[in-house]
K.L.:
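Take this structure, written in structure tokens, and hold onto it; I'll ask about it next.
Residue numbers start from 1 in every chain, and the chains themselves are labelled A, B, ... in the order their sequence lines are given, proteins ahead of strands. What's counted below: heavy atoms across the whole structure, side chains too, no hydrogens, waters or symmetry copies.
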Amino acid sequence: MSVNTPRLRFSPAPTGFLHIGSVRTALYNWLHARHVGGTFILRIEDTDVARSTQESVDQIQQVLHWLGLEWDEGPYLQSARFDAYLAAAARLVDESRAYECFCTEAEVKERNEIAMREGRPPGYDGRCRHLTVDERAARRADGLAVSIRFRTPDDGRSSFTDLIRGEVSVEWSTISDFVIVRSNGTPVFFLANAIDDLDMEITHVLRGEDLIDSTHRVLALRHALGHDDQPIYAHMPLILGPGGGKLSKRHGAVSVEEYRDAGYLPSALLNYLALLGWGPDDDREILRNDELIAEFELERVNTSSATFDPKKLEWMNGEHIRAMTLADLVSAVLPFARTRYADRLDVPRFERAVNLAQERATTLVQIAEQMAFLFTPDDQLEVDPQSWDKLVKVERAGTILDTVIDFVENCEWSDQIDPRGVIEALGVKPGKVMHVLYTAVEGRSQGLPLFDSISMLGRESALVRLRAARSRL
RNA sequence: GCCCCGUUCGUCUAGAGGCCUAGGACGCCAGGUUCUCAUCCUGGUAACACGGGUUCGAAUCCCGUACGGGGUGCCA
């Protein structure tokens, strides 16, 4: 009805953590809204009072904020609009487009199971469809619980145009009457969804493919409510776990919080998710948010479901880390450093270490861990067993350490303490034994560049560590 | 069971009838650069699910089969 700006909504159910698939739905809605200058609305679909939690409502908003998917309107809570839905349901009953149903959930379920067993299609059998006024009154007098069921058309087809898939249609006879108000008096998704999209003048509905079949029911409801116009629908492919099937906990992290805590950047997560089912029309893979917005085309979204690949996400996160300014990266790593070595953190050294780690890390957590040796007291430095084994096997390891200790003791101090000369003088190729020094100084045979590391630690601390390794030999 | 949607390298994808002896990216493998590791560079591996049509010509269009996913809830 409004022919003004496009209006889109992300409408999660607050029944748990925000799944990575839901995040992509939010992202595509947001991207399209921003791309066309539309309005992005957050609507919480909490009609299932029993399963919805305030905690989840808060979490959804936190996660969206963290990702930078800011909404323009809302959050609207459906639980605050029950009156509107119930009034509409009452109207539908008056008009005979819906009817009171006295079957209990358990009864319907049982009948469905019997039908399945006997090879008949399941679905509501229409038992309460044609009750007379008297029959209804009698049942109510018996104190039976009442739900309201929508009467679906008996024949004909339902169809709509999907922006991604084209025409989607189905035979009405395969869709049975469905509940729109539970016997506890609360409205069901289909009803609330239909009414809200109407009231909020939603123009584009982008959601997961799992909702494609429910579209027909929502459309029938809209029609019954007096609206024959349809929003533009686009059903996006689902995200599968490695090996196919639902992406679930057994595949690793499936909630955004887990990725955030593992040191992933919002920009990388968004970039990766955007590319799962869509791509710009050139070969670019690393895209900033503003580039995603500029390039995003709903018409280019794929039709087939995609498998989530943690490896590629990790690579992409590394790319985003490398693309950051040092100042941004420093503040991004800071919280991770604080939780690890809060009081020992010294800022100039931290910044220098971040700078060194930037080109060799894929997550923020990795960066924080790579520099841990800098903020660990000398006597608490943990030496990685494998690295130590490797050190022990080096011929003349003791001599090498002695020589380097002597060098570090007497050399002129600078920001690059390079012991290669004295090692070479021993007749040993420095490259082959450098891991000895890494292990002694950093606790691992691999890590931040050694010359910088010794310099950052300072002469005294470096000597303590080298001597500790020497005497442990 | 019935209904809906889908099917290009292991994975994400390009491909809208001839430009495809199918391109890019991740991964993997092999080299190179480098103070370690990583980054980076070079090269390699590897795919149009199958069967019928339509057409001079099909990865691209149609039909069927197989396979995968979703729905069939008083969940959303």
K.L.:
Hey, is the side chain of A:Arg420 pairing donor to acceptor with the base of B:C35 inside 3.5 Å?
P.N.:
no
K.L.:
Considering Watson-Crick and G-U wobble pairs with both distances under 3.5 Å, what does B:C28 pair with?
P.N.:
B:G44
K.L.:
Between B:G24 and B:C35, how far apart are the two P atoms, rounded to whole Å?
P.N.:
32 Å
K.L.:
For A:Arg300 and A:Gln416, find the nucleotide of RNA chain B closest to each by heavy atoms; which residue's nucleotide sits nearer the 5' end?
P.N.:
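Taking each residue's closest nucleotide, the earlier one in sequence belongs to A:Arg300.
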K.L.:
Do any pairs count as a salt bridge (charged side-chain N to carboxylate O under 4.0 Å, His left out) and have a residue in residues 206-216 of chain A, sequence neighbours left out, and if so which ones?
P.N.:
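Every salt bridge (charged side-chain N to carboxylate O under 4.0 Å, His left out) pair that includes a residue of residues 206-216 of chain A, provided the two are not neighbours, is A:Arg165-A:Glu209.
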K.L.:
Could you give all pairs that pass the salt bridge (charged side-chain N to carboxylate O under 4.0 Å, His left out) test and reach residues 176-185 of chain A, with sequence neighbours left out?
P.N.:
A:Arg129-A:Asp177
K.L.:
Rounded to whole Å, how long is the line connecting atom CD of A:Glu314 with atom P of B:C12?
P.N.:
18 Å
K.L.:
Between B:U7 and B:G64, how far apart are the C1' atoms? Round to whole Å, please.
P.N.:
15 Å
K.L.:
Is the terminal nitrogen or CZ of A:Arg43 (NZ for Lys, CZ for Arg) located under 6.0 angstrom from the six-membered ring centre of A:Trp71 and within 45° of that ring's axis?
P.N.:
no
K.L.:
Which atom pairs, one a donor and one an acceptor, fall under 3.5 Å between side chains of residues 420-437 of chain A and the rest of the protein, sequence neighbours left out?
P.N.:
{"from": "A:Arg420", "atom 1": "NE", "to": "A:Asp418", "atom 2": "OD1", "distance (Å)": "3.0"}
{"from": "A:Arg420", "atom 1": "NE", "to": "A:Asp418", "atom 2": "OD2", "distance (Å)": "3.2"}
{"from": "A:Arg420", "atom 1": "NH2", "to": "A:Asp418", "atom 2": "OD2", "distance (Å)": "2.7"}

K.L.:
What integer number of Å spans the C1' atoms of B:A76 and B:U21?
P.N.:
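The answer is 49 Å between these two C1' atoms.
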K.L.:
Do A:Asn317 and A:Thr362 pair up side chain to side chain, a donor and an acceptor below 3.5 Å, judged on atom types alone?
P.N.:
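On atom types as modelled, these side chains do not qualify, holding no pair under 3.5 Å.
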K.L.:
Mark yes when over 12 heavy atoms from residues, nucleotides or ligands other than A:Gln416 sit less than 6.0 Å from its CD; otherwise mark no.
P.N.:
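For A:Gln416, atom CD is crowded (more than 12 foreign heavy atoms under 6.0 Å).
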K.L.:
Atom pairs under 3.5 Å, N or O on each side, protein against nucleotides 46-48 of chain B: can you list them with distances?
P.N.:
none

K.L.:
Rounded to whole Å, how long is the line connecting atom CD1 of A:Ile400 with atom C1' of B:C35?
P.N.:
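That distance rounds to 14 Å.
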K.L.:
Hey, does A:Glu118 reach any base, or is it just sugar-phosphate, or nothing, if we go heavy atoms under 4.0 Å?
P.N.:
nothing
K.L.:
Go ahead and name the base partner of B:C2; Watson-Crick or wobble counts if both distances stay under 3.5 Å, otherwise write none.
P.N.:
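In the structure as shown, B:C2 has B:G71 as its Watson-Crick or wobble partner.
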K.L.:
B:U7 C1' sits how many Å from A:Arg165 CZ, rounded?
P.N.:
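Spelled out: CZ on A:Arg165 to C1' on B:U7 is 12 Å.
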K.L.:
Is A:Glu118 salt-bridged to A:Arg120, going by a charged N under 4.0 Å from an acidic O?
P.N.:
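Yes, charged N to carboxylate O under 4.0 Å.
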K.L.:
State whether A:Glu291 and A:Arg288 are salt-bridged, where the test is any N-O pair (Lys NZ or Arg NE/NH1/NH2 against Asp/Glu carboxylate O) under 4.0 Å.
P.N.:
yes
K.L.:
Mind checking the P distance from B:U54 to B:A16? Whole angstroms is fine.
P.N.:
24 Å
K.L.:
Whole angstrom is fine here: how far is it from CD1 in A:Ile239 over to C1' in B:U13?
P.N.:
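So the CD1-C1' distance, A:Ile239 to B:U13, works out to 15 Å.
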K.L.:
What is the distance, to the nearest angstrom, from the CZ atom on A:Arg284 to the C1' atom on B:G23?
P.N.:
17 Å
K.L.:
So what does A:Thr303 touch, heavy atoms closer than 4.0 Å: a base, only the sugar-phosphate, or nothing?
P.N.:
sugar-phosphate
K.L.:
Could you tell me how far apart A:Asp283 (CG) and B:G24 (C1') are, to the nearest whole angstrom?
P.N.:
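In whole Å, B:G24 C1' lies 4 Å from A:Asp283 CG.
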K.L.:
Would you say the side-chain atoms of A:Asp406 and A:Thr403 include a donor-acceptor pair closer than 3.5 Å?
P.N.:
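On atom types as modelled, these side chains do not qualify, holding no pair under 3.5 Å.
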K.L.:
Do A:Arg136's NZ or CZ and the ring of A:Phe102 fall within the cation-pi criteria of under 6.0 Å and 45°?
P.N.:
no
K.L.:
Could you tell me whether the side chains of A:Tyr85 and A:Asp196 share a donor-acceptor contact shorter than 3.5 Å?
P.N.:
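Distance-only check passes for A:Tyr85 and A:Asp196.
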K.L.:
Mind checking if A:Pro430 touches a base, just sugar-phosphate, or nothing, with heavy atoms under 4.0 Å?
P.N.:
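The answer is nothing, as A:Pro430 stays clear of every strand by at least 4.0 Å.
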K.L.:
Tell me every residue that passes side-chain contact (heavy atoms from CB on, under 4.5 Å) with A:Thr15, counting only those two or more places apart in sequence or in another chain.
P.N.:
A:Ala13, A:Arg51, A:Ser52
K.L.:
Determine the Euclidean distance between corresponding P atoms of B:A66 and B:C28; express it in Å to zero decimal places.
P.N.:
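Approximately 38 Å lies between the P atom of B:C28 and that of B:A66.
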K.L.:
Has A:Glu55 got more than 12 heavy atoms of other residues, nucleotides or ligands less than 6.0 Å from its CD?
P.N.:
no
K.L.:
Short of 4.0 Å, heavy atom to strand atom, which residues of residues 269-278 of chain A count as contacting RNA chain B?
P.N.:
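Those residues whose heavy atoms fall under 4.0 Å from RNA chain B, taken from residues 269-278 of chain A in numerical order, are A:Leu275, A:Leu276, A:Gly277.
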K.L.:
Restricting to pairs with a member in residues 154-198 of chain A, which pass ring-ring contact (aromatic ring centres under 6.0 Å, His included), not counting sequence neighbours?
P.N.:
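Output for this query lists A:Phe150-A:Phe178, A:Phe160-A:His216, A:Phe160-A:Tyr233, A:Phe160-A:His235, A:Phe178-A:Phe190.
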K.L.:
Considering only atom C1', compute the distance from B:C9 to B:U45 and round it to an integer number of Å.
P.N.:
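Approximately 9 Å lies between the C1' atom of B:C9 and that of B:U45.
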K.L.:
Detail all sub-3.5 Å separations between protein N/O atoms and N/O atoms belonging to nucleotides 61-65 of chain B.
P.N.:
none

K.L.:
Produce a footprint string for nucleotides 68-76 of chain B: one letter per nucleotide, 5' end first; B if the base is under 4.0 Å from any protein heavy atom, S if only the sugar-phosphate is, - if neither.
P.N.:
-SBS-SBBB
K.L.:
All N/O contacts under 3.5 Å from nucleotides 26-33 of chain B to the protein, with atom names and distances to one decimal?
P.N.:
{"from": "B:C26", "atom 1": "O2'", "to": "A:Lys312", "atom 2": "N", "distance (Å)": "3.4"}

K.L.:
Across all strands shown, which nucleotide pairs with B:A22 by Watson-Crick or G-U wobble geometry, both distances under 3.5 Å?
P.N.:
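WC or wobble partner does not exist here.
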K.L.:
Mind checking who B:U65 pairs with, Watson-Crick or G-U wobble, both distances under 3.5 Å?
P.N.:
B:A49
K.L.:
Rounded to the nearest angstrom, tell me the gap between atom OH in A:Tyr438 and atom P in B:U36.
P.N.:
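So the two atoms are 6 Å apart, to the nearest Å.
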K.L.:
When the C1' atoms of B:G57 and B:C19 are compared, how many Å lie between them, rounded to an integer?
P.N.:
14 Å
K.L.:
Determine the contact category for A:Thr439: base if any of its heavy atoms lies under 4.0 Å from a base atom, sugar-phosphate if only primed atoms, P, OP1 or OP2 are that close, otherwise nothing.
P.N.:
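Nothing: the residue A:Thr439, judged by heavy atoms under 4.0 Å, touches no strand.
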K.L.:
If the C1' atom of B:C3 is compared with that of B:G15, how far apart are they to the nearest Å?
P.N.:
31 Å
K.L.:
Enumerate donor-acceptor pairs with a distance under 3.5 Å from any side-chain N or O in residues 294-307 of chain A to protein atoms, sequence neighbours excluded.
P.N.:
{"from": "A:Glu295", "atom 1": "OE2", "to": "A:Arg284", "atom 2": "NH2", "distance (Å)": "3.2"}
{"from": "A:Arg300", "atom 1": "NE", "to": "A:Gly279", "atom 2": "O", "distance (Å)": "3.0"}
{"from": "A:Arg300", "atom 1": "NH2", "to": "A:Pro280", "atom 2": "O", "distance (Å)": "3.4"}

K.L.:
Any side-chain N or O of A:Asn302 less than 4.0 Å from the OP1 or OP2 oxygen of B:U7?
P.N.:
no
K.L.:
Strictly by salt bridge (charged side-chain N to carboxylate O under 4.0 Å, His left out), give each pair with a member in residues 8-30 of chain A just once, sequence neighbours left out.
P.N.:
A:Arg9-A:Asp197
K.L.:
Hey, is A:Lys109 close enough to A:Glu105 for a salt bridge, meaning N to O under 4.0 Å?
P.N.:
no
K.L.:
Over how many whole Å does the gap from A:Ile286 atom CD1 to B:G24 atom P extend?
P.N.:
17 Å
K.L.:
Looking just at side-chain N and O atoms, do A:Gln78 and A:Thr47 make a donor-acceptor pair shorter than 3.5 Å?
P.N.:
no
K.L.:
Output yes if the stacking criterion (under 5.5 Å between centres, under 30° between planes) is met for A:Phe451 over the base of B:C35, else no.
P.N.:
yes
K.L.:
Would you kindly say whether A:Asp58 and A:Gln54 are connected by a side-chain donor-acceptor distance under 3.5 Å?
P.N.:
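Per modelled atom types, A:Asp58 and A:Gln54 side chains form a pair under 3.5 Å.
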